[in-house]
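Contents: one structure, followed by commentary.
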Amino acid sequence: MNYFPSFEEFSDGLPEIRECFLMTGGSDYLLRVDVESASAFERIHKEILSVLPGVLRINSSFSIRNVLSVRQK
């Protein structure tokens, strides 16, 4: 079953998801999620992302600080 369209539609509807990238390699999607705290992320991870149809694995990382924002071309 192709879960990609429903996942993409879902990601557009959750305000904490700031960006969603379709990826090559070991992961299908890369999400940039903006939350206030680790417990807020845990809620999204546990109650929302992990129960979506087709989601088999979630690999999470957290930024420590912003080193460089988007440059102008």
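All figures in this text were calculated on a predicted structure; none of them were measured in a lab.
Closest non-hydrogen pair, Gly54 versus Tyr3, comes out as CA-CD1, 3.5 Å. Nearest heavy atom pair, residue Ser27 against residue Met23, reads O-CB, 3.3 Å. The minimum heavy-atom distance linking Ser60 with His45 is given by the pair OG-CD2, 4.1 Å. When every heavy atom of Ala40 is checked against every heavy atom of Val35, the shortest pair comes out as CB-CB, 3.9 Å.
Ile17 is not connected to Val51 by any chain of hydrophobic side-chain contacts under 4.5 Å among Ile, Leu, Val, Met, Phe, Trp and Tyr, and they are in different clusters. Residues Ile58 and Phe21 do not share a hydrophobic cluster, defined by chaining ILVMFWY side chains whose heavy atoms lie under 4.5 Å apart.
At most 12 non-hydrogen atoms from other residues, nucleotides or ligands lie less than 6.0 angstrom from CG of Asn59. Within 6.0 Å of CZ on Arg32 lie more than 12 heavy atoms contributed by other residues, nucleotides or ligands. With a 6.0 Å radius and a threshold of 12 heavy atoms from other residues, nucleotides or ligands, Leu68 has its CG atom above the threshold. Counting non-hydrogen atoms of neighbouring residues, nucleotides and ligands closer than 6.0 angstrom, the CD atom of Glu19 exceeds 12 such neighbours. Within a 6.0 Å sphere centred on CD of Glu36, heavy atoms belonging to other residues, nucleotides or ligands number 12 at most.
In this structure, the side chains of Phe7 and Cys20 come closer than 4.5 Å at one or more pairs of heavy atoms. Residues Ser11 and Tyr29 form no side-chain contact, since every pair of their non-hydrogen atoms from C-beta on lies 4.5 Å or further apart. Between Leu49 and Phe10 there is a side-chain heavy-atom pair separated by less than 4.5 Å. Leu30 places none of its side-chain heavy atoms less than 4.5 Å from the side chain of Leu22.
Taking 4.0 Å as the cut-off between side-chain N and carboxylate O, Glu16 and Arg43 count as a salt-bridged pair.
Side-chain polar atoms of Asn66 and Ser69 form a donor-acceptor pair below 3.5 angstrom.
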